[in-house]
Amino acid sequence: MSEMSAIESVLEEDSLPGRVKCQRIFDLLHVRPRLGADVAARYLAETENEAGADYVAQYLGLIPGMVAEKTRAAEHLRRTQALAGAASWLVPWLPDDLLDAFISDYLTAVEPSESPARSVVYCIGLFHPQLLRPYANRLEPHMARALLSGGPDELADAFLERWEQAHTLPSLEALALIRTDHARELVRSTRDTVDEPSDWYLLMQLAGTLPDSGRPSGFWPAYMGFIADRQQSPHTVGGLFHGEVPVCLECGTPAERVLELAADSLPFALRNNPSFFWYTCGCYSLNSTTLRITPEGTHVYYGPSAPATGSADMVPGGERSLVLELHPNQTGISDESTDESNQHQVGGLPNWITVDRHPRCPECGNSMPFLASIGGNLTPFGNLAFDGTLYCFWCDDCCVSSTKYQS
């Protein structure tokens with residue numbers, strides 16, 4: 001049976017829920033040469049099956065590179081109209097002229113809110129807000145927040161004016177999410193007018209500055225991350241760890257390493273390799289882990305610890321690598337993330353599900369900069385061992401790692 005026929009056979013199994021169909025299609029593709037990118041692109045260029053197009057496009061969006069294949073697939077999906085929405089998974093790689101064509105399709109539709117290109121246009125706002133901003137007054141209201149990222153000074157001034165007139169915190173949050181130098185300075189200027197100092201601290205972190213140290217609240221440039229086979233990258237996902245780790249308060253299961261970044265392969269001037277930890281048990285009795293990691297060993301803060309076990313269940317296959325590609329939106333995505341949409345990221349600023357404060361380092365007391373996030377969604381190889389998103393913060397001076405969980 002050909003790969004194309006095998007995909008169709010999975011789709012025809014009516015008794016299977018969508019998530020199982022999706023994973024079975026992923027299983028068919030990732031064992032093919034080049035992780036099945038050629039097969040996926042060929043399927044998307046020929047199919048008329050809406051569900052199949054969405055599953056296969058989602059798979060293709062989990063693979064780094066393959067720009068020509070992704071562009072060819074998106075061109076076909078656009079021509080097929082009813083399948084156009086599946087191209088939303090491929091937006092980060094598409095050329096501007098093709099993105100402009102999707103925008104035109106949406107704007108010229110009789111009912112834009114029912115246009116097949118609607119989800120593609122929303123994703124263009126997330127990854128390429130500058131392309132969509134000229135049409136801001138013609139978009140649906142739910143797309144507006146995505147266009148805050150990198151917005152013009154006049155927009156920042158307007159949000160400050162709203163704050164001065166009504167003192168509503170959402171106006172300041174929107175101002176912070178613009179994340180330009182001008183917007184940051186305007187947020188800084190409101191310090192004495194915000195009732196709760198903790199609110200102002202959060203807004204400054206959201207805007208891109210750690211107010212207690214004056215340092216950036218993230219690292220640049222920002223990268224998208226893609227879970228791949230071992231040896232494809234010096235950055236490790238999962239795998240065995242030796243040392244003390246936090247344990248789940250509910251069932252006592254030790255945490256596992258979810259990510260280790262190779263400092264000398266990043267342009268962040270880090271002196272130490274950051275590692276981050278989470279649980280595979282699914283109890284979610286805690287929402288964070290904090291450890292100090294040095295050559296002499298690890299020290300766990302804020303809870304019990306135990307030696308790491310010999311299991312590595314965080315990622316299918318035990319250990320994988322994280323391949324990095326430059327993120328199209330270096331200012332930072334301004335709309336809230338969801339469990340389904342959040343990608344893996346290294347550098348930049350956090351794309352929060354729910355806006356939250358950065359943790360403080362228990363050694364130096366300073367707020368910690370964001371370094372990475374790992375979304376507990378599908379990989380080409382299967383599911384990670386958690387749902388939701390892990391936000392990873394790192395104090396390089398103190399070798400302290402803190403991981404916050406949201407869902």
Side-chain angles (χ1 to χ4, degrees), residues 88 91-93 99 122-133 136 142-153 155-156 159-160 169-188 200-211 213-226 261 266-268 322 324-359 367-375 389-394 402-404 406:
S88 61
V91 162
W93 297 272
L99 296 175
Y122 172 70
C123 287
I124 293 171
L126 299 179
F127 291 96
H128 304 277
Q130 74 283 356
L131 296 180
L132 203 54
R133 195 170 289 118
H142 79 277
M143 297 185 184
R145 187 178 170 103
L147 300 188
L148 294 173
S149 175
D153 291 352
L155 181 63
F159 282 122
L160 180 65
L169 279 174
S171 297
L172 281 191
E173 182 178 307
L175 173 60
L177 286 167
I178 293 175
R179 290 170 166 169
T180 60
D181 291 341
H182 180 68
R184 258 188 302 278
E185 287 309 307
L186 294 184
V187 174
R188 193 187 307 275
W200 181 81
Y201 265 69
L202 181 149
L203 291 165
M204 285 299 298
Q205 293 171 352
L206 192 63
T209 296
L210 299 175
S213 65
R215 294 179 178 180
S217 50
F219 296 86
W220 276 270
Y223 298 91
M224 300 182 295
F226 302 89
L261 297 172
L266 294 168
F268 301 152
L322 192 71
L324 304 183
E325 286 188 8
L326 279 175
H327 200 293
N329 184 349
Q330 288 293 315
T331 303
I333 290 176
S334 50
D335 202 5
E336 297 102 332
S337 178
T338 66
D339 282 357
E340 293 78 23
S341 68
N342 197 31
Q343 297 184 323
H344 313 310
Q345 180 179 322
V346 173
L349 295 171
N351 183 202
W352 293 108
I353 294 175
T354 302
V355 173
D356 200 359
R357 295 176 180 84
H358 291 220
S367 297
M368 300 168 66
F370 168 80
L371 181 54
S373 59
I374 297 294
T389 299
L390 301 177
Y391 297 91
C392 306
F393 301 82
W394 177 250
S402 186
T403 305
K404 299 189 78 167
Q406 289 190 356

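Between the CE atom in Met368 and the OG atom in Ser213 there is a gap of 11.5 Å [rounded to 0.5 Å]. Distance check, rounded to the nearest 0.5 Å: CD1 of Ile124 to CE of Met143 gives 9.0 Å. Between the CG atom of Leu99 and the CH2 atom of Trp93 there is a distance of 12.0 Å, given to the nearest 0.5 Å. Atom CG of Leu175 and atom CG of Leu155 lie 8.5 Å apart (nearest 0.5 Å). Atom CG of Leu203 sits about 9.0 Å away from atom CG of Leu177, to the nearest 0.5 Å. Separating the CG atom in Leu266 from the CG atom in Leu371 is a distance of 7.0 Å, to the nearest 0.5 Å.
Tyr391 contributes a side-chain N or O that, together with a main-chain N or O of Asn351, makes up a donor-acceptor pair within less than 3.5 Å. A donor-acceptor pair under 3.5 Å links the side-chain atoms of Arg133 to the main chain of Leu147, judged by distance alone. Side-chain atoms of Gln130 never come within 3.5 Å of backbone atoms of Leu132 as a donor-acceptor pair (strictly under, hydrogens ignored). The closest donor-acceptor contact from the side chain of Asn329 to the backbone of Leu126 lies under 3.5 Å. Within the 3.5 Å criterion, the main-chain N or O of Arg145 finds a donor-acceptor partner in the side chain of Ser334. When atom types are taken as modelled, the side chain of Lys404 and the backbone of Phe393 share no donor-acceptor pair closer than 3.5 angstrom. Distance alone, capped at 3.5 Å, is enough to place a donor-acceptor pair between the Arg184 side chain and the Ala207 backbone.
In this view, His142 and Arg118, Tyr122, Glu140 satisfy the side chain to side chain contact (heavy atoms under 4.5 Å, CB included) rule, not counting sequence neighbours.
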### Message
Phe127 vs His327, test: ring pair (Phe, Tyr, Trp, His ring centres under 6.0 Å). Steps then yes/no.
### Response
CA-CA 8 Å; Phe127 291 96; His327 200 293; 5.4 Å; yes
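Inter-residue side-chain proximity for Trp352 and Ile333 is flagged as unmet; no heavy-atom pair is nearer than 4.5 Å. Using a 4.5 Å heavy-atom threshold, the side chains of Pro350 and Ser373 count as separate. Using a 4.5 Å heavy-atom threshold, the side chains of Tyr223 and His344 count as separate. Contact of the Val187 side chain with the Leu206 side chain is not registered, since no non-hydrogen atoms from C-beta on lie closer than 4.5 Å. Between Phe159 and Leu186, every side-chain heavy-atom pair lies at or beyond the 4.5 Å cut-off.
The minimum heavy-atom distance between Thr180 and Gly150, with the atom names listed, is CG2-CA, 3.9 Å. Heavy-atom minimum distance, Gly348 versus Phe370: O-CD2, 3.4 Å. Scanning both residues, Val91 and His128, for their nearest heavy atoms gives O-NE2, 3.6 Å. Of all heavy-atom pairs spanning Pro369 and Gly218, the tightest one is CB-N, 4.3 Å. Of all non-hydrogen atoms in Gln406 and Asp356, the two that sit nearest each other are NE2-CB, 3.6 Å. Between Leu324 and Gly225, the shortest heavy-atom contact is CD2-CA, 4.0 Å.
Each of Gln205, His358, Arg215 was compared with Ser367 under the side-chain hydrogen bond (donor to acceptor under 3.5 Å, both in side chains) criterion, and only Gln205 meets it.
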